[in-house]
Amino acid sequence: MTNILKVEFLKTKHTVVRSLVWLLPLIAILMMTAVFWDNQYSVQLMMGQWSYFWLNMSIALVIGISTYYQKQATKFKEILTSPQDLFTYEIGRIIHGMLQTILMSVVFLVLVICVRVIFSSSEEIGLMVGSIVGILLTSIWLVPFYSWLCRITNLYFALGIGFLSSILAMFLSRTGQLLVCGGRLIGECF
């Protein structure tokens, strides 16, 4: 399995995928800081945005581009002619994608801590780490899903699904907040 992971690591060596793992959290932080800089809850808003939009789209983009490069370079012929079985290669691709996702989350966490220090927010770092770990654990299933989706369709379809699911998550999170507020109002009336 370590050889398969080395192969996956080497496949992304001279591609934009490695840069995206570092740049996507930075772009997310810069954009969210520009939007939420004057809000006292800016760190919480950044964590929320990361959980239902940025991480989802980042995973779709990184997995999609690495699958696209492999499809363009070899059309997966090296896997079909290899003595290893296809399942081992797929597990290697999924583990490599999970490692990239973990690295993106760690970079995001470091940047959020920097924003917290710059804006003198009162959020506890332990709670921020716990939030990132929770977001990561609930989003890790996206790696095999996007890997499968990119394999059977293409990069653009996977990005479209990622965008639509992010929009749906934003809508449902807003609807959930309205339901909770509505429930409080009804409870206070009685």
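Since the model is a prediction, treat every value here as computed from it, not as a measurement.
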Minimal non-hydrogen separation, Arg151 against Thr67, with atom names: N-CG2, 4.2 Å
Residue list, side chain to side chain donor-acceptor pair (under 3.5 Å) with Ser139, at least two apart or on another chain: none
Interatomic spacing from CZ in Arg116 to CG in Leu111 - rounded to 0.5 Å: 14.5 Å
Whether over 12 other heavy atoms sit under 6.0 Å from Phe145 CZ: yes
With Val129 via side chain to side chain contact (heavy atoms under 4.5 Å, CB included) - residues at least two apart: Leu109, Ile125, Val133
For Leu61, all residues meeting side chain to side chain contact (heavy atoms under 4.5 Å, CB included), sequence neighbours excluded: Leu20, Leu24, Ile65, Leu159
Cluster overlap Ile152 with Tyr156, hydrophobic side-chain contacts below 4.5 Å: yes
For Trp148, all residues meeting ring-ring contact (aromatic ring centres under 6.0 Å, His included), sequence neighbours excluded: none
Intermediate values then yes/no, side chain to side chain contact (heavy atoms under 4.5 Å, CB included), Met32 and Trp54: CA-CA 10 Å; Met32 289 186 283; Trp54 288 98; 4.0 Å; yes
Single-linkage hydrophobic cluster, 4.5 Å side-chain cutoff, Val112 and Leu127 together: no
Ser66 versus Arg93, side-chain donor and acceptor atoms under 3.5 Å: no
CE-CG distance between Met104 and Leu26, expressed to the nearest 0.5 angstrom: 13.5 Å
Rounded distance [0.5 Å steps], CD1 in Ile102 versus CD1 in Ile140: 5.0 Å
Shared hydrophobic cluster for Leu137 and Ile94 (ILVMFWY, side-chain gaps under 4.5 Å): yes
OG-NE2 distance between Ser147 and His96, expressed to the nearest 0.5 angstrom: 11.5 Å
Side chain to side chain donor-acceptor pair (under 3.5 Å) partners for Ser165, two or more places apart: Asn56
Test ring-ring contact (aromatic ring centres under 6.0 Å, His included) applied to Phe108 - qualifying residues, sequence neighbours left out: Trp50
Gap separating the CG atom of Leu55 from the OG atom of Ser51, nearest 0.5 angstrom: 8.5 Å
Pairing residues for Thr153 by the side chain to side chain contact (heavy atoms under 4.5 Å, CB included) criterion, not counting sequence neighbours: Leu149, Phe157
Non-neighbouring partners of Thr33 that pass side chain to side chain donor-acceptor pair (under 3.5 Å), sequence neighbours left out: none
Distance (rounded to the nearest 0.5 Å) between Ile59 CD1 and Ser105 OG: 7.0 Å
Check against side chain to side chain contact (heavy atoms under 4.5 Å, CB included), Val16 and Tyr69: CA-CA 10 Å; Val16 73; Tyr69 280 141; 3.6 Å; yes
Nearest non-hydrogen partners of Met47 and Ile135, listed with the distance: O-CD1, 3.8 Å
Taking every non-hydrogen atom, the tightest pair across Ala158 and Cys150: CB-SG, 3.5 Å
Which atom of Val115 lies closest to which atom of Met46, heavy atoms considered: CG1-CE, 3.7 Å
Minimum side-chain heavy-atom gap Met31-Gln49 below 4.5 Å: no
Validation row: Ile95, Val143 side chains within 4.5 angstrom (heavy atoms): no
With Phe163 via side chain to side chain contact (heavy atoms under 4.5 Å, CB included) - residues at least two apart: Phe53, Met57, Ile167
